[in-house]
Peer 1: 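I'd like to ask some things about the structure below.
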Amino acid sequence: MTSLLDGLNPQQREAVTAGTGPVLVLAGPGSGKTRVLTHRIAYLVGEMGAYPGGILAVTFTNKAAGEMRERIESLLGGRLGGLQIGTFHAICARLLRKEAPFTRLRADYLIYDTDDQLAAVTQAITELNVDVKKYRPRQLLNAISAAKNELITPAEYQAPGYVGEITRRVYERYQELLVNSNARDFDDLLLDAVLLLQTNDELRQKYQRHFEHLLVDEFQDTNTAQYRLVQILGNYHRNVFVVGDEDQAIYGFRGADYRNVLQFRHDFPDARVILLEQNYRSTQIVLDAARAVIDQNPNRTPKALFTERGGGPRVTIYEAYSEVDEAEYVIERIVELRRQDGLSWGDMAIMYRTNAQSRALEEACIRRKVPYRLVGGVGFYTRREIRDLLAYLRLVHNPDDAVSFSRIINVPKRGIGKKSLEDFRRWAAANRLTISQALAALADGVASSLAGAAARKFVEFWQMLTNWRALAAQGDLIALLEDILTQTGYSLHLHETSDTEQEALERQENVKELLALVENDRQRPLADFLESVALVADVDSLAGSAEDAVTLLTLHSAKGLEFPVVFITGLEEGLLPHFRAFDEQDGMAEECRLLYVGMTRAMQRLYLTYAFRRMTYGDSSPGMPSRFLRPIPAQLLEGASALLANQRAAHRYQQDTTWDDAPLTQPESPVRRAIRSQIAPFGGAPALRYKAGVRVFHGKFGEGIVLESRRSGEDEEVTVSFREGGIKRLTASFANLVILED
Ligand code: ATP
Ligand code: MG
C-alpha cells in the first residue's frame with residue numbers, strides 16, 4: 001500500500017500514518033493539509049482496517065466533499081460505501097432527518113435560505129408590532145444567527161436593554177413560525193443537532209460509538225456549535241483528526257472562532273501536534289509577499305513556510321484610475337496571459353472583497369468576450385423564476401410552509417390581493433388552523449370571515465395544490481413541474497412581468513434549465529431534491545462546469561482553492577480592510593487574514609490592484625491604497641510606480657489649476673506616501689518619453705496630464721487625462737503630444 005504514502009513528505013507521512021488518538025495538524029497555506037486529510041482517510045481504510053461507515057469527514061464546501069471522495073476512491077481503487085463526507089450543515093441535515101422522531105420537526109422538514117428567513121423575521125416583527133424602521137430585519141436576523149451559533153435558544157436568550165428584549169421576542173416568534181412551517185434555517189441545522197445529541201443520552205452514545213474516526217478540514221473556521229459537535233462525537237473513540245491554520249481564519253463574522261484550536265488542545269491534551277512546513281503551491285515571491293502582509297497581525301504564532309518553487313515573477317501592483325479602468329486592466333492582462341503564456345481561462349481567478357465589485361469585472365469580460373464563471377452573486381437558485389417554482393415544489397411537499405405560500409399565492413396573479421391574504425391569515429390564526437387545514441376547511445364549505453369571491457379563489461388554489469400532491473405521490477418530478485407550469489400559466493406570467501422580450505426569454509431559459517436539472521433525476525423523491533437544492537453553497541456553483549472560464553469570486557469563497565494566476569482587486573481603505581471592520585474587535589486582523597488567504601491562492605503570478613476612484617452606491621469617492629500593502633517589500637513588487645508617481649503630480653497639478661473640484665485636493669495621507677516610497681521603480685526598461693504627471697497638449701483634445709505611459713513594441717502607449725476630453729489612451733507616434741513645461 002505504498003502508493004498511499006507516495007507524494008508525501010516526512011511530516012505529511014507522519015500525520016497520515018499517526019496511530020489512533022487525537023491529532024492536530026497546524027500549518028500554513030498550500031502545505032498539504034487537505035491532501036494529508038484525504039490520504040489519512042484512505043490510510044485508515046486501506047491500512048488500518050477502519051470501517052468506512054464509521055468515518056465522518058467534514059469539509060468546507062460540498063464541492064470539496066465530492067472531490068475528496070473521488071480522490072480517496074481513486075487512491076483505494078474502489079467505491080467507498082458508507083463513508084460520510086460533507087459540510088457540517090449537510091451532515092447535521094442528514095442526522096436530523098434520520099432522527100426526526102426525536103426532534104421537534106418531521107423528517108420532511110424544509111431548509112430556509114436567507115430570503116425565507118428575512119420573510120419570516122419580517123412577519124415576526126410585524127406581528128409583534130415592532131417598528132421595522134428601527135429594528136431592521138437583517139440586523140435582528142444577525143443577532144438571532146449569532147445566538148444560535150453560540151447554542152443559545154430563545155428561552156435562554158438574554159441581552160441588556162430594550163433592544164435586547166425586542167430581539168428576544170422576535171427570536172422567539174421567529175422560531176415558532178419556523179416550527180409551524182416545519183422548517184429550519186441554516187443555523188438550526190447545527191443548533192438542533194447539537195441539542196439533540198446533548199439531551200438524548202441514547203442517541204449520543206449511538207453516534208459516539210458509531211463514528212470511530214472524525215476528521216475536520218479548515219478547523220480554524222469552526223464556530224461554537226460546530227466545535228461542540230466535534231467535541232461530543234469525538235469524545236468516545238477520541239480519534240479526532242483536525243487540520244487548520246489560524247492565519248486563515250476568516251469567518252469570525254459568522255461566529256467562527258479560531259481559538260477553538262486552543263480549546264481543542266485543552267479538550268484533547270494528548271493530541272499529537274504536527275507541523276507542516278513546505279508549501280507546494282506558490283512561488284517564493286508570492287509567499288514572501290503574503291508573509292509580509294500577515295506579519296502585521298499582532299499575537300500570531302509565526303510559522304515556518306518554505307517552497308522549492310523558486311523565485312517566480314514579482315507581484316504586480318496596479319493603480320487604476322477607476323473601477324472600470326481596473327477591470328479593463330485585469331481583463332487585458334488575462335487575454336494577454338492566455339495568448340502569450342498559453343494559460344487557459346480556468347487557470348485564472350479574479351477575487352474581490354464584496355459581491356458588488358463583480359459588476360465592473362463582468363462587464364469587462366463581456367466586452368472582451370472572455371468567458372467567466374461567477375461564484376455566488378445571483379446564482380441560479382436565487383433567480384426570481386427559479387425561486388417561484390421551488391416555492392411551488394416546497395408547498396407541494398409541505399402545504400404548511402408559510403413562506404412559500406406567501407410567495408406564490410398570487411404569483412402568477414390570481415386575484416388574491418394583500419387584503420385577502422391578511423384576512424385569510426387572521427381567520428386561520430383565530431381558529432388555530434395551519435395553512436393547509438384552513439384551505440381544506442374553506443374547500444369543505446366551512447364558513448369564514450373571508451369575502452365569498454376571495455374564499456373561492458383560495459379553494460381553487462387548494463384544488464390545484466391537492467392535484468399536485470397526488471402527482472408528487474406518483475414520484476415523477478418532471479410531470480409535476482410541467483403540470484405546475486401549465487396549470488399556473490407560468491410562461492405567460494414570465495412574459496408579462498419581464499421588462500423586455502430578451503429578459504423574458506432568458507427567464508424562460510432558466511426554467512428550462514431547472515427542468516433539465518430535474519430530468520437528470522426524475523425519479524428522485526421530492527424531499528431529497530429540495531434538500532440538495534437548499535444545501536448548495538456559493539462555491540458549489542463551480543462544481544461540474546466543464547467549460548473553460550475565468551473564475552470571479554469573493555475572497556471568502558476562495559478558501560482552500562488554488563489558481564496559477566490570481567488577481568486581487570479593490571485593495572483600498574474601506575474596501576479591504578472593509579469599513580465595517582474598523583470598529584469591530586479583531587475586525588482589522590480578520591481583514592488582514594482575508595487578504596492573506598487570497599494571496600496564498602496564487603501558484604505562479606499574483607496581481608494586486610486598487611482604484612483611485614470607485615463608484616460606491618452611485619457615488620464616486622477617492623480611494624486610498626489599502627494599509628495592508630504597506631509592508632510588502634519593494635523588491636517583491638513591480639508596476640504601478642508610474643501611476644503612483646503621477647498621482648502625486650496630478651495632485652500638485654490640481655492645486656495649481658483647480659480645473660476639477662473633485663476631492664483630489666485632500667492632503668496626501670501618510671499611508672499613500674509610505675506606499676509610494678516603497679514601490680520599486682521599473683527595472684531595466686528604456687526611459688519613456690511621456691512620464692506620468694507631465695502636462696501635455698494634444699491638437700484635438702487640448703490640455704491634459706499623463707496618467708500612465710508604457711512601452712508598446714517600438715512605440716509608447718500613453719494614457720492621458722484631458723481637461724475637456726476625459727481619459728484617452730494614445731499611441732505616442734501618432735498623437736503628436738507636446739510636452740508643456742511647468
Ligand atoms: P490551504 O491552507 O490553502 O487549504 P492546504 O494546506 O490544504 O492549503 P493542499 O491544498 O492540500 O494545501 O495542497 C496544496 C497544493 O500542494 C496542492 O496542489 C497539493 O496537491 C500539493 N501538494 C501537497 N503536498 C504535496 C507533496 N508532498 N508533493 C507534491 N505536491 C503536494
Ligand atoms: Mg486546504
Side-chain angles (χ1 to χ4, degrees), residues 2-17 23-43 57-68 70-72 74-75 85 87 215-222 241-251 256 258 261 273-284 286-287 290-291 293-294 300-301 303-310 312 346-347 349 351 539 542 553 555-566 568 593-604 606:
T2 49
S3 70
L4 281 182
L5 301 179
D6 283 354
L8 296 175
N9 67 35
Q11 291 78 19
Q12 292 175 329
R13 276 180 200 212
E14 185 191 344
V16 169
T17 60
V23 177
L24 172 63
V25 179
L26 278 184
S31 58
K33 294 183 297 296
T34 302
R35 187 179 172 112
V36 158
L37 193 101
T38 310
H39 282 249
R40 169 76 176 176
I41 298 172
Y43 188 83
V58 184
T59 55
F60 210 69
T61 63
N62 295 310
K63 175 179 180 261
E67 285 173 359
M68 199 175 276
E70 257 174 46
R71 185 90 188 89
I72 296 166
S74 94
L75 280 170
I85 307 188
T87 60
L215 303 96
V216 185
D217 197 3
E218 305 275 4
F219 184 70
Q220 75 281 357
D221 271 326
T222 48
F241 188 98
V242 304
V243 310
D245 176 7
E246 286 143 297
D247 289 334
Q248 293 186 67
I250 55 174
Y251 277 89
Y258 59 87
V261 173
V273 179
I274 296 170
L275 310 175
L276 309 175
E277 297 185 337
Q278 179 162 3
N279 171 298
Y280 290 90
R281 177 182 294 147
S282 311
T283 65
Q284 191 66 54
V286 167
L287 279 192
R291 182 174 311 153
V293 167
I294 198 68
R300 59 179 287 273
T301 332
K303 275 196 250 10
L305 201 60
F306 71 97
T307 178
E308 283 172 358
R309 304 192 44 162
D347 289 335
M351 299 171 187
V539 185
L542 274 176
L553 74 178
L555 289 160
H556 280 105
S557 303
K559 256 171 101 85
L561 306 178
E562 57 190 20
F563 300 89
V565 180
V566 168
I568 302 179
R593 293 192 292 265
L594 194 54
L595 176 58
Y596 179 68
V597 167
M599 292 172 79
T600 53
R601 303 304 98 199
M603 298 161 77
Q604 292 155 20
L606 176 61

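All figures in this text were calculated on a predicted structure; none of them were measured in a lab. Numbering of ligands and ligand atoms starts at 1, following listing order.
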Peer 1: Would you mind checking which non-hydrogen protein atom is closest to atom 10 (O) of ligand 1, with the distance to 0.1 Å?
Peer 2: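 For this ligand atom, the closest protein heavy atom is Arg281 NH2, 3.2 Å.
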
Peer 1: Is a side-chain N or O of Arg309 found less than 3.5 angstrom from the main chain of Thr283, in a donor-acceptor match?
Peer 2: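 No, the answer is negative, given that no donor and acceptor are paired below the 3.5 Å cut-off.
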
Peer 1: Determine whether any heavy atom of Gly7 lies closer than 4.0 Å to an atom of ligand 1.
Peer 2: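 Contact present.
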
Peer 1: Hey, is Glu246 close enough to Arg300 for a salt bridge, meaning N to O under 4.0 Å?
Peer 2: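 Result for this pair is no, no salt bridge flagged.
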
Peer 1: Are the ring centres of Tyr251 and Phe60 closer than 6.0 Å?
Peer 2: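 Distance test on ring centres: under 6.0 Å, yes.
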
Peer 1: Starting from atom 14 (C) of ligand 1, which protein heavy atom do you reach first, and at what distance in Å?
Peer 2: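 Among all protein heavy atoms, the one nearest atom 14 (C) of ligand 1 is Glu562 OE1, 3.5 Å.
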
Peer 1: So does Tyr280 get a backbone contact from the side chain of Glu308, meaning a donor-acceptor N/O pair under 3.5 Å?
Peer 2: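 No, because the side chain of Glu308 does not come within donor-acceptor range (under 3.5 Å) of the backbone of Tyr280.
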
Peer 1: Counting each atom of ligand 1 from 1 as listed, which ones have a heavy atom of Gln248 under 4.0 Å away?
Peer 2: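 This gives 2 (O), 3 (O) as the contact atoms.
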
Peer 1: Using a 4.0 Å cut-off to any heavy atom of Leu8, which atoms of ligand 1 qualify?
Peer 2: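 Under 4.0 Å from Leu8, ligand 1 has these atoms: 27 (N).
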
Peer 1: Mind checking whether Gln278 has a heavy atom under 4.0 Å from ligand 1?
Peer 2: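 Contact absent.
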
Peer 1: Who's the nearest protein heavy-atom neighbour of atom 20 (O) of ligand 1, and how far?
Peer 2: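 Of the protein heavy atoms, Arg35 NH1, 2.8 Å lies nearest.
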
Peer 1: Under 4.0 Å from ligand 1, counting heavy atoms only, is it the side chain of Lys559, its backbone, both or neither?
Peer 2: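 Lys559 to ligand 1: no contact under 4.0 Å from either part.
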
Peer 1: Out of all atoms in ligand 1, which are within 4.0 Å of some heavy atom of Gly28? Include the element for each.
Peer 2: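 Those qualifying, in numeric order: 6 (O).
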
Peer 1: Should Glu562 and Arg601 count as an ion pair when the cut-off is N to O under 4.0 Å?
Peer 2: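 So Glu562 does not pair with Arg601 through a salt bridge.
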
Peer 1: Run the numbers for me: atoms of ligand 1, each under 4.0 Å from some heavy atom of Gly32, listed by number.
Peer 2: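 Per the distance check, 5 (P), 6 (O), 9 (P), 11 (O), 12 (O), 13 (O), 23 (C).
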
Peer 1: Would you say the side-chain atoms of Thr87 pair up with the backbone N or O of Thr59, donor to acceptor, closer than 3.5 Å?
Peer 2: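 The answer is no, because no donor-acceptor pair under 3.5 Å joins these two groups.
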
Peer 1: Does the Arg281 side chain pair with the main chain of Thr600, one donor and one acceptor, at a distance under 3.5 Å?
Peer 2: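 Present.
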
Peer 1: Give the atoms of ligand 1, by number and element, whose distance to some non-hydrogen atom of Gly560 is under 4.0 Å.
Peer 2: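 Selected atoms, number and element: 4 (O).
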
Peer 1: Using a 4.0 Å cutoff against the non-hydrogen atoms of Arg601, which atoms of ligand 1 qualify?
Peer 2: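 Counting atoms of ligand 1 from 1, those under 4.0 Å from Arg601 are 3 (O).
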
Peer 1: To which protein heavy atom is atom 29 (C) of ligand 1 closest, and what is the distance rounded to 0.1 Å?
Peer 2: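 Atom 29 (C) of ligand 1 sits closest to the protein heavy atom Tyr280 CD2, 3.6 Å.
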
Peer 1: Polar contacts were defined as any N/O atom of the residue lying under 3.5 Å from an N/O atom of the ligand; does this apply to Gly30 and ligand 1?
Peer 2: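 For ligand 1, there is an N or O atom that lies under 3.5 Å from one belonging to Gly30.
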
Peer 1: Verify, without hydrogens or angle tests, whether His39 (side chain) and Leu4 (backbone) share a donor-acceptor contact under 3.5 angstrom.
Peer 2: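 Yes, the answer is positive, given that a donor and an acceptor are paired below the 3.5 Å cut-off.
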
Peer 1: Okay, side chain of Ser557, backbone of Leu553: is any donor-acceptor separation there less than 3.5 Å?
Peer 2: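 Here the side-chain-to-backbone pair does not exist.
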
Peer 1: Please state which option from Lys33, Arg13, Arg309 has its nearest heavy atom closest to atom 5 (P) of ligand 1.
Peer 2: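 Comparing heavy atoms across Lys33, Arg13, Arg309, the nearest one to atom 5 (P) of ligand 1 lies in Lys33.
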
Peer 1: Thinking salt bridges, do Lys33 and Asp217 make one under a 4.0 Å N-O criterion?
Peer 2: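 So Lys33 does not pair with Asp217 through a salt bridge.
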
